[in-house]
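The next block holds one structure in the form of structure tokens; read it before the comments.
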Amino acid sequence: MDIYEVIKQDHDKARRMIAELAETDERAAERRAELYPDLKNELMMHQHVEEAVFYSRLESEDDTRADALEAKNEHHIVDTLLEELDVMPKDNDEWTAKFGVLREVVEHHMEEEEEEFFERAREVIDDSLARKMGKQMQDKKAAGLSAMEHVNQAS
Ligand SMILES: [Fe+2]
Ligand SMILES: [Fe+2]
């Protein structure tokens, strides 16, 4: 898989997880609390690895630098929302409202990445590098997720 396929796969997974969470309401706080940590881990890991492998390359090229910097700031907004949602009680409408904003921001970001960002990235990343980066992204994500599992087991 090349970098674009790996990212698309992550995005589709995140979309499914978000849709599932969006179906829960205030009366299903337990279910929310059960689903939410997985979404948070998934999104944080995706963003972290995407920045390390994909954005870092795009930041070094004049043609894609502005896009990469903007996208990184959007990740920052997502991180902030994820942290806030993590500590808020899940059984009220404030959580529902904030989750709705998270959904909007994340879905818009992913769409922009797939529809505009990829096209510009292809101008500065050749096919063989795109495959290498895909592998790097998968490896880093696998390593990060297993490290997180160890942390969770230890706590
Ligand atoms: Fe992103
Ligand atoms: Fe992404």
Side-chain angles (χ1 to χ4, degrees), residues 1-24 32-88 90 95-152:
M1 285 204 289
D2 67 21
I3 182 85
Y4 309 106
E5 290 167 318
V6 174
I7 291 176
K8 179 76 168 65
Q9 198 179 59
D10 273 7
H11 287 181
D12 287 342
K13 186 177 179 194
R15 285 183 177 106
R16 284 194 300 274
M17 294 171 98
I18 288 171
E20 202 182 344
L21 255 166
E23 277 173 25
T24 64
R32 273 186 176 172
E34 193 181 287
L35 292 171
Y36 182 72
D38 290 343
L39 175 68
K40 181 180 175 231
N41 288 343
E42 178 63 33
L43 283 177
M44 284 195 153
M45 186 58 66
H46 171 73
Q47 297 195 146
H48 177 72
V49 173
E50 191 175 65
E51 284 177 27
V53 177
F54 191 47
Y55 292 3
S56 62
R57 172 88 185 100
L58 301 172
E59 260 175 56
S60 68
E61 298 281 343
D62 287 345
D63 289 346
T64 45
R65 183 170 167 82
D67 284 331
L69 293 178
E70 186 187 317
K72 226 160 85 170
N73 276 288
E74 288 178 5
H75 282 187
H76 179 65
I77 293 172
V78 172
D79 278 340
T80 305
L81 290 168
L82 285 169
E83 295 293 1
E84 289 174 359
L85 283 162
D86 201 20
V87 295
M88 278 168 73
K90 312 274 182 296
W95 197 93
T96 311
K98 198 181 285 288
F99 183 76
V101 175
L102 175 82
R103 181 179 198 172
E104 267 173 35
V105 173
V106 169
E107 287 183 345
H108 176 78
H109 176 85
M110 294 190 302
E111 208 177 287
E112 212 168 60
E113 233 160 42
E114 289 167 16
E115 281 167 18
E116 296 166 30
F117 213 40
F118 281 8
E119 213 173 289
R120 288 194 280 267
R122 283 182 213 275
E123 310 269 316
V124 295
I125 295 169
D126 68 27
D127 290 352
S128 106
L129 182 59
R131 279 193 297 276
K132 220 187 279 172
M133 287 167 82
K135 171 101 175 66
Q136 268 175 8
M137 192 157 165
Q138 282 177 307
D139 291 348
K140 269 188 193 290
K141 218 182 144 201
L145 287 173
S146 86
M148 262 178 358
E149 267 162 30
H150 285 299
V151 171
N152 289 342

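Just so you know, ligand 1 is whichever comes first in the structure, and atom 1 is the first atom listed for that ligand.
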### Summary
Contacts of Tyr4 meeting side chain to side chain donor-acceptor pair (under 3.5 Å) (sequence neighbours excluded), chain-then-number -> none
### Message
Nearest 0.5 Å, please: how far is CG in Leu102 from CG in Leu39?
### Response
6.5 Å
### Message
Please determine whether ring-ring contact (aromatic ring centres under 6.0 Å, His included) holds for the pair His48 and His75, giving the CA-CA distance in whole Å, both sets of side-chain angles, and the decisive distance to 0.1 Å.
### Response
CA-CA 9 Å; His48 177 72; His75 282 187; over 10 Å; no
### Summary
Within a distance under 2.8 Å of the Fe ion (ligand 1), the protein atoms of type N, O or S are Glu50 OE1, Tyr55 OH, His75 NE2, His109 NE2, Glu113 OE2
### Query
Ignoring hydrogens and geometry, is there a side-chain-to-backbone donor-acceptor pair from Thr24 to Glu20 under 3.5 Å?
no
### Message
Enumerate the side chain to side chain donor-acceptor pair (under 3.5 Å) contacts for residues 119-134, please, sequence neighbours excluded, ordered by first and then second residue.
### Response
Asp67-Arg120
### Task
Not counting sequence neighbours, which residues clear side chain to side chain donor-acceptor pair (under 3.5 Å) with Asp139? List them please.
Lys135
